Amino acid sequence: MKIYLLGSMDAAALSVWQRHLQAEMPEDQVLTSLAPEQKAEVEVAVVANPEPNALLGLPGLRLIQSLWAGVDRLVADPSLPPGVPVCRMVDPQMNVAMAETGQWAVLALHRGFFRYARQQAQACWQPLAQRRADEVRVLVLGWGQMGLALGLRLAAMGYRVSAWRASEEHSGAAEHLGVSVHAGPQALAPALAEVDVLINLLPLTPATRGLLNAPCFAALPQGASVVNLARGAHLVEADLLAALDAGHLSHAVLDVFATEPLPADHPFWQHPAITVLPHAAAQTDPRSAAAVVAANVRALKAGEPLRHVVDVARGY
Ligand code: GLV
């Protein structure tokens with residue numbers, strides 16, 4: 001089977017992925033470029049946030065497997081071949097990485113470590129009041145694979161954790177291993193009112209785009225912090241700056257941005273109450289993710305159900 005690997009990564013990263021994928025699927029041919037006569041033979045595209053139109057002209061395509069967990073750009077591509085299943089990356093190792101980043105952010109916010117870093121820059125020796133973990137309320141937006149991994153770890157660390165999922169499939173509050181889970185748009189405002197740290201792990205869809213905005217921040221208690229580890233388009237950047245500058249929010253940890261890389265003159269870089277990460281909260285790791293891809297390719301060949309198929313209309 002011919003497998004076409006493409007996406008937003010440099011040649012070195014592409015060749016690392018090719019090596020790992022080829023090792024997992026020795027009987028297949030993993031290609032990073034296609035001669036014109038090979039195009040019709042490609043049955044699987046393995047994609048990392050590809051440019052729009054990148055999948056045009058592949059008439060034999062039977063599976064589009066994303067290396068990214070978030071498929072918002074992929075499903076927004078109007079040239080996506082209709083009827084070809086799109087699968088997102090779900091790798092337990094990636095969930096662990098995301099949970100680690102979330103844990104670090106909550107711990108640093110809880111214990112004032114970002115403030116200590118600012119104080120160090122000013123040679124300021126000033127211990128802060130020490131809170132207990134059970135005095136810190138964390139709300140995780142998004143109760144999928146990553147939200148669950150993070151929520152359970154935070155609960156185990158002693159935080160008061162709740163979660164919110166956009167879909168009302170399981171409406172009403174539920175208790176899930178120490179995490180109270182709220183569902184649906186009506187449940188969001190009451191949940192926001194009880195938060196010290198808000199962490200966004202939602203998929204980007206038309207319903208969640210711009211969710212982190214002025215009304216959302218106004219619903220948070222004075223002094224709350226916001227952590228965005230999902231997509232830049234969830235956040236209305238000007239609203240965040242206004243809420244921080246007014247002193248309503250105390251800090252933001254941001255991994256994702258409307259424009260990436262974050263432009264050098266962007267105000268977030270120098271803002272004393274913002275911590276910037278370079279979209280690195282949870283990177284797909286070829287050492288584990290190549291096996292996830294291979295499992296779906298095997299399922300395709302065997303005519304078995306594919307795992308983590310995206311509902312393109314729903315957007316994730
Ligand atoms: C990264 O942001 C991903 O969606 O995998």
Side-chain angles (χ1 to χ4, degrees), residues 5-10 13-14 16-17 20-21 45-52 54-55 63-77 80 85-105 140-150 165-166 199-212 226-235 237 252-262 268 275-296 307-312 314-316:
L5 166 65
L6 69 156
S8 348
M9 55 177 128
D10 61 25
L14 203 63
V16 170
W17 272 105
H20 283 274
L21 290 166
V46 176
V47 300
N49 207 31
E51 295 293 333
L55 294 171
L63 166 64
I64 300 168
Q65 171 67 57
S66 175
L67 295 178
W68 279 38
V71 290
D72 39 285
R73 170 147 127 176
L74 187 57
V75 300
D77 181 352
L80 210 63
V86 177
C87 296
R88 67 199 166 87
M89 176 52 61
V90 175
D91 177 354
Q93 291 306 323
M94 212 173 164
N95 298 339
V96 168
M98 186 58 95
E100 287 168 348
T101 304
Q103 287 175 286
W104 158 79
V140 179
L141 299 181
W143 198 235
Q145 304 273 340
M146 288 176 170
L148 189 72
L150 172 60
R165 53 188 305 162
I199 303 194
N200 179 37
L201 285 175
L202 286 164
L204 180 66
T205 68
T208 64
R209 182 176 291 273
L211 191 83
L212 302 178
V226 171
V227 180
N228 188 18
L229 307 179
R231 284 291 180 263
H234 282 124
L235 174 70
E237 295 187 343
V253 178
L254 305 175
D255 182 53
V256 285
F257 304 91
T259 304
E260 296 181 7
L262 188 64
F268 285 175
T275 300
V276 169
L277 299 177
H279 200 143
Q283 294 161 277
T284 319
D285 185 338
R287 291 168 300 177
S288 50
V292 176
V293 175
N296 249 356
R307 301 205 64 203
H308 309 298
V309 179
V310 172
D311 178 341
V312 174
R314 195 173 62 163
Y316 65 98

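The first residue in the sequence is number 1, and the count goes up from there. Keep in mind that this is a model prediction, so the values were computed, not measured. Counting starts at 1 for both ligands and their atoms, following the listed order.
- By the criterion of a heavy-atom distance under 4.0 Å, the side chain of His279, and not its backbone, is placed next to ligand 1.
- Environment of CZ in Arg209: sparse, with no more than 12 heavy atoms of neighbouring residues, nucleotides or ligands closer than 6.0 Å.
- Atoms of ligand 1 lying under 4.0 Å from any heavy atom of Ala69, numbered from 1 in the order shown and given with element: 3 (C), 4 (O), 5 (O).
- Residue-ligand proximity: Arg88 is placed with every non-hydrogen atom at 4.0 Å or more from ligand 1.
- Side chains of Glu100 and Val96 form a contact here, defined as non-hydrogen atoms less than 4.5 Å apart.
- Geometrically, ligand 1 and Thr284 share no nitrogen or oxygen pair separated by less than 3.5 Å.
- Residue contacts with ligand 1: Met94 is placed with no nitrogen or oxygen under 3.5 Å of a nitrogen or oxygen of the ligand (distance criterion only).
- More than 12 heavy atoms of other residues, nucleotides or ligands lie within 6.0 Å of CZ in Arg314, so this atom counts as buried by the packing criterion.
- Among the atoms of Trp68, none of the N or O lies under 3.5 angstrom from an N or O of ligand 1.
- Remark: ligand 1 and Ala282 share no N or O pair separated by less than 3.5 Å (distance only, no angle test).
- Contact check for Tyr316 versus Thr208: no side-chain heavy atoms found under the 4.5 Å cut-off.
- Between the side chain of His234 and the backbone N or O of Pro203, at least one donor-acceptor pair lies under 3.5 Å.
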Original post:
Passes side-chain hydrogen bond (donor to acceptor under 3.5 Å, both in side chains), Asn296 versus Gln65? Steps please.
Top reply: CA-CA 8 Å; Asn296 249 356; Gln65 171 67 57; 2.9 Å; yes
